[in-house]
Amino acid sequence: MPPPEASIAALRVSELFLSLQGEGPSAGTPAHFLRLQGCDVGCVWCDSKYTWDASGGRPHTAAAAFAELRALGEAPLLVITGGEPLEHLGIDDLLAQAVEGWPRVEVETSGLMPPPFRHERLHYNVSPKLPSATPRWEETWRHTGAWVAEANATFKLVIGDPPDLEDALRLIAERGLPRERVMLMPEGLTDDVLRQRARDLAEACKRSGLRMSPRLHVWIWGAKRGV
Ligand code: SF4
């Protein structure tokens, strides 16, 4: 096991930017984004395939990444995303440092690994995958029990064409996700697709009583990097 400083130094950073949190319970909040490199979940609709190569990006220490983010301006929220952040060695050390610097920290994860660190200011947006997204979808539900036990975890399920909605509602019930901590989010990278799916999903949310998550960054800026 490497010492904490060595594992933090091994972080590979894809992007650092200031924007608005586009998804989940804090959508609309100004946020610093720390996007880590590396993911092998393989979602067909992934909008950040440039993060998949774990050797891509640039090596960074947490302190240098945080300083670069601060230089962009202030924000009340730090979003640590990817890629799959929880596959990173040293992620627990990074999170421990992050909660000392921001009033709220959110981690975007597929749920492939169990929660690595717990803190009152640390929140997880967990997006276990549906069968249409990737052949590895079941692995992202493997630690559901641990995520349900993490009170600061919100489940964000990405809904595209049928049978995604049906699969999501079945898995929510089968795996016992707390409905008040579940959000459904439309999949789509163009205005037309996103608008139509959002309208369909809005009706489904009205019927099911589940919350809907926007994709503000796509609606505002389109499917671009660094926003
Ligand atoms: S888990 Fe996230 S980063 Fe990885 S392939 Fe799926 S959508 Fe892309």
Report yes or no: do [X] and [Y] form a side-chain donor-acceptor pair below 3.5 Å?
{"X": "Ser26", "Y": "Arg104", "result": "yes"}
{"X": "Glu84", "Y": "Ser110", "result": "yes"}
{"X": "Asp93", "Y": "Gln97", "result": "no"}

Verify same cluster id: [X], [Y] (apolar side-chain graph, 4.5 Å):
{"X": "Phe17", "Y": "Ile80", "result": "no"}
{"X": "Leu216", "Y": "Leu184", "result": "no"}
{"X": "Val158", "Y": "Leu171", "result": "no"}
{"X": "Leu189", "Y": "Leu194", "result": "no"}
{"X": "Val107", "Y": "Met113", "result": "yes"}

May I ask you to decide whether Arg58 forms a salt bridge with Glu68, counting only side-chain N to carboxylate O separations under 4.0 Å?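 Result for this pair is yes, salt bridge flagged.
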
Do the side chains of Arg197 and Asp164 get close enough for a salt bridge, i.e. N-O under 4.0 angstrom? no

Which of parallel (below 30°), tilted (30 to 60°) and perpendicular (above 60°) describes Trp147 and Tyr124? perpendicular

Of all heavy-atom pairs between [X] and [Y], which one has the smallest distance, and what is that distance?
{"X": "Met185", "Y": "Leu201", "answer": "C-CD2, 3.5 Å"}
{"X": "Val218", "Y": "Gly188", "answer": "CG1-O, 4.0 Å"}
{"X": "Gly73", "Y": "His32", "answer": "O-NE2, 2.6 Å"}
{"X": "Pro76", "Y": "Thr29", "answer": "CG-CG2, 3.9 Å"}
{"X": "Leu165", "Y": "Ile159", "answer": "N-CG2, 3.9 Å"}
{"X": "Leu112", "Y": "His143", "answer": "O-CD2, 3.1 Å"}

If we only count heavy atoms from C-beta on, is the Arg215 to Asp47 side-chain gap below 4.5 Å?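 Yes, side chains in contact.
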
Is the shortest side-chain heavy-atom distance between Thr51 and Leu36 below 4.5 Å?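 Heavy-atom side-chain distance check fails, nothing below 4.5 Å.
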
Nearest 0.5 angstrom please: [X] [atom1] to [Y] [atom2], how far?
{"X": "Leu16", "Y": "Arg70", "atom1": "CG", "atom2": "CZ", "value": "12.5 Å"}
{"X": "Asp53", "Y": "Asp40", "atom1": "CG", "atom2": "CG", "value": "11.5 Å"}
{"X": "His60", "Y": "Leu34", "atom1": "NE2", "atom2": "CG", "value": "8.0 Å"}
{"X": "Arg181", "Y": "Met183", "atom1": "CZ", "atom2": "CE", "value": "13.5 Å"}
{"X": "Lys156", "Y": "Arg211", "atom1": "NZ", "atom2": "CZ", "value": "12.0 Å"}

Within a 6.0 Å radius of atom NZ on Lys49, are there more than 12 heavy atoms belonging to other residues, nucleotides or ligands? yes

